[in-house]
Amino acid sequence: MNKPVDLPQRDFNDEDSNTSSNPSFESVLNARLSRRNLLRGSVGTAATALLGGLSLAACGGDDDTPAATAPAEALLGFNAVAKSLEDKFTVPTGYTASVLLAVGDPLAAGVAAYKNDGTDTGYDRRSGDNHDGMEYFGLSAAGTPDPTNNDRALLGINHEYVNLPFLHANGTTANPRPAAEADIEVDCHGVSIVEIAKTAGKFGVVQSSAFNRRITAATEIELSGPVRGHALAVTKFSTTGTRTRGTVNNCGTGKTPWGTLLTGEENWVGYYFRAAGDPALRGAKGNTALVRYGSNATATAAAASRYGWETAGAADKYARWNTSVTGVSIDGSDDYRHEVNTQGYVTEIDPYNASSVVKKRTALGRMAHESAAFSKPVVGKPLAVYMGDDARNEYIYKFVSTQTWVAADASAADRVATGDKYLDAGKLYVAKFNADGTGQWIELSLTNPTVAGYANYAFADAGDVAMHPRIAGDAVGATKMDRPEWCGVHPNTGEVYFTLTNNSNRRLGTVTGSQLNPDAANPRVYTDIRGAATAQSGNPNGHIIRVKEAAGEPGATAFSWDIFLFGAETGAPSGIINLSGLSADQDFSSPDGLVFTPSTGLCWVQTDDGAYTDVSNCMMLAAVPGTVGDGGALTLDYGANGTVTTRMGKKPTAATLKRFLVGPAFQEITGLCESPDGKVLFVNVQHPGEEDSNFASVADPSKFRSHWPGNAGYGAGGATARPRAATVMVVKDNGGRVGS
Ligand code: FEO
Ligand code: CA
Ligand code: CA
Ligand code: CA
């Protein structure tokens, strides 16, 4: 979700809480000069002149870049899909896309087909809404784990939030929310575990499968790791601080080497109401922690909750969404003042057991989690889990397990216990990117004196650090990034790719508040024009950075890095904006989802954009990745504002980067997994037709901004259907691997 900036409603995906005094390190900008926002034209003219041969023509052509290797050319054999504003899902010629599962589809025996008119109920036995990250878990004919099975599997699918107002017959009712509406919305969150099996060679959902499971924003979940039993996790629901209810705003996923699903809780803070005056009922430390995570009530203004579920009634299941001090206890055991501390984790689900306990793996830290990507498991070495924290100016992290990998654990019978083994004990690190292309992983624990002695926040214990790694990252001077979204690990090289979707805080010259000068790892500042007039400043198009661990060790504390791709419009000037020289077949903005497919080694890049959407709906590209250091140093010349030198990988060619699909109107493409043979690719379409705050009524379908997938013949409603988030399967008509 990445709403255009012209919408008056709060952008829950663009939180901005990092006002720490960390410098925008290593910047070589000349701060004595006044701040000004350079428009594209003037930047391009000046920079092109200053950088000499880096003209758009030279950047965009293929003739200045060595040809890709033969295996790379064997992939990306399809013709690029053109940018499009059509309300349809478009794949290359020779490929076919079909909808597998849309919001509301039944996932249990006896549940009626989805009517898609706002009268459906019982979403705890239907697909949730706004499909996001997704993983494939192969299943044998006998119903046991079989990671290589191409014909039967379980999909684990995140449901990030709800696409109001289409879930209700007459649209969304304002606060106080009707309980029936709130209950539907709570159940539409969380995760679906869905069995799929092939019939006549094509996957379909097994509606009555005993494996099918819904985890919602109300499901009971265990806290595991250092936060378990912590004083700051005590609630009326769990006076021992060991349990909570629900997982919310589930964005990216991860797949553990032992065959379980990891789901990342992203923009959870907005789900909680915090009353005006609540700060006066807490100590300074408690307020520091809440504000650093975006819970910004003041003495005069409440922090409004996203959906107002706390207004739906007096019952405990609604009261829990008010994270204010309302009780009289000292420890919080009579209210939900600490409830917000039980969200924001990587949560583990065993997909192969529908009654298995779900655990929040708090050792991986509390933040706005995206995906969780594992290092390549090597026997005798620890496992690393890479993670991004998606808000403006936030950090990149990795967790390194205390336990070293044992091959037999890949098929361990007790997968939850295996998760306990690898994910409850280890070290959490934050990334610092140096200007020379090196970097450090800095440990966030009380054994690091910089964390233990931080003047702005006195960490009490390991649980306090795990609950507040943003504050620990502030203490050690971690690098503020342009909104870290997903990450993925190259299946061969082990290098780690992180999308940095955009950052409206980047500025030249003197900066104030949470604004940042560009630095080596986040080097661009420019202005993009969307549509006729909307200007977006900062780094509106985002980039993808990649990291190579020292000696390839998952536990390394040093790394090297470069920037894999810069998002840009193909027509943008090459000196500051289109640094990767993207052609019309490759240009994109705001990368978000990023997944490597093991079968091909391709890197798939998905967009969640609000900058280039005047030209194209969000999309997915396929890339043949190179390696860190295959390019070189690049200096961006900001004229009177100085220069920034970054590290950029080899520019893409037509053989290494190509647009593979474009989704329907007003959606984002997100989540991806494949069958083990690489012949079926599963992709999610999230929030098609997402409405802005001016939307008045669901009674007039002519006002809907999308009718997909009804208009493609899926489900009820036809050409005037309410839009639905959905999982799409893509296959190559000749039976080949997708992406070849
Ligand atoms: Fe859920 Fe930050 O994308
Ligand atoms: Ca997203
Ligand atoms: Ca533009
Ligand atoms: Ca996003």
Side-chain angles (χ1 to χ4, degrees), residues 1-6 11-16 39-41 44 83 85 129-134 157-161 163 189 247-253 263-270 344 346 367-372 387-392 394 396 481-487 498-503 526-542 567-573 577-578 582 587-595 605-616 618-620 663 667-672 683-687 690 725:
M1 140 196 62
N2 193 7
K3 295 183 174 62
V5 293
D6 56 340
D11 183 346
F12 287 93
N13 212 30
D14 198 13
E15 190 215 327
D16 185 14
L39 294 175
R40 280 169 37 185
K83 295 184 288 288
L85 293 170
D129 199 1
N130 279 345
H131 306 200
D132 207 323
M134 175 169 55
I157 303 171
N158 279 349
H159 300 290
E160 191 181 31
Y161 66 112
N163 196 7
H189 280 71
T247 181
V248 294
N249 214 260
N250 303 80
C251 177
T253 48
T263 177
E265 299 168 356
E266 190 188 358
N267 293 301
W268 39 272
V269 75
V346 169
M367 61 192 77
H369 277 289
E370 296 277 331
S371 65
M387 303 169 286
D389 181 1
D390 181 14
R392 284 177 277 170
E394 294 301 344
I396 283 172
M481 307 300 289
D482 286 351
R483 290 185 57 196
E485 296 254 20
W486 295 37
C487 54
F498 295 88
T499 54
L500 300 165
T501 195
N502 53 56
N503 191 347
Y526 51 98
T527 296
D528 176 78
I529 308 298
R530 188 171 66 89
T534 307
Q536 300 186 33
S537 298
N539 174 17
N541 301 136
E569 303 177 13
T570 186
I577 306 177
N578 192 8
L582 302 180
D587 59 341
F588 67 93
S589 176
S590 297
D592 185 345
L594 184 148
V595 178
V605 177
Q606 304 170 320
T607 68
D608 171 17
D609 186 35
Y612 205 12
T613 43
D614 52 333
V615 173
S616 182
C618 290
M619 61 184 71
M620 184 169 87
Q667 50 79 53
E668 71 181 82
I669 297 292
T670 186
L672 182 146
V683 177
N684 285 323
V685 172
Q686 188 186 82
H687 64 77
E690 183 168 59

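Remember, it's 1-based here, ligands and their atoms both numbered in the order they're listed.
Within the 4.5 Å cutoff, no side-chain heavy atoms of Glu265 are placed close to those of Asn249. Looking only at side-chain heavy atoms (C-beta outward), Gln686 and His131 stay at 4.5 Å or farther from each other.
Looking only at its N/O/S atoms, Glu485 has OE1 as the one nearest to atom 2 (Fe) of ligand 1. Between the Ca ion (ligand 3) and the N, O or S atoms of Glu569, the shortest distance is to OE2. Within Glu370, the N, O or S atom at minimum distance from atom 2 (Fe) of ligand 1 carries the name OE2. Summary: OD1 is the N/O/S atom of Asp528 found nearest to the Ca ion (ligand 3). When the N, O or S atoms of Asp390 are ranked by distance to atom 2 (Fe) of ligand 1, OD2 comes first. The atom of Asp592 that is an N, O or S and sits closest to the Ca ion (ligand 2) is OD2. Note on Glu266: its N/O/S atom closest to atom 2 (Fe) of ligand 1 is OE2. Within Glu668, the N, O or S atom at minimum distance from the Ca ion (ligand 2) carries the name OE2.
Defined by atom type and a distance below 3.5 Å, a donor-acceptor pair is missing between the side-chain atoms of Thr253 and Asn158.
Side-chain atoms of Asp389 come within 3.5 Å of backbone N or O of Ala368 as a donor-acceptor pair.
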For this session: Could you walk me through whether Thr499 and Asp592 pass the side-chain hydrogen bond (donor to acceptor under 3.5 Å, both in side chains) test, one step at a time?
Result: CA-CA 6 Å; Thr499 54; Asp592 185 345; 5.1 Å; no

For this session: Please step through side-chain hydrogen bond (donor to acceptor under 3.5 Å, both in side chains) for the pair Thr607 and Ser590, ending with a clear verdict.
Result: CA-CA 5 Å; Thr607 68; Ser590 297; over 6 Å; no

Exercise. Is there a side-chain hydrogen bond (donor to acceptor under 3.5 Å, both in side chains) between Asp528 and Gln536 once you walk through the steps?
Worked result: CA-CA 5 Å; Asp528 176 78; Gln536 300 186 33; 5.1 Å; no

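The Ca ion (ligand 3) has no N, O or S atom of Ala572 under 3.0 Å away, backbone or side chain. Distances from the Ca ion (ligand 2) show that Asp608 has no N/O/S atom below 3.0 Å. Because the distance cut-off is set at 3.0 Å, Asp132 fails to qualify as a neighbour of the Ca ion (ligand 2), as none of its N, O or S atoms comes that close.
Using bins of under 30°, 30° to 60° and over 60° for the plane-to-plane angle, the ring pair Tyr161/His687 lands in the tilted bin.
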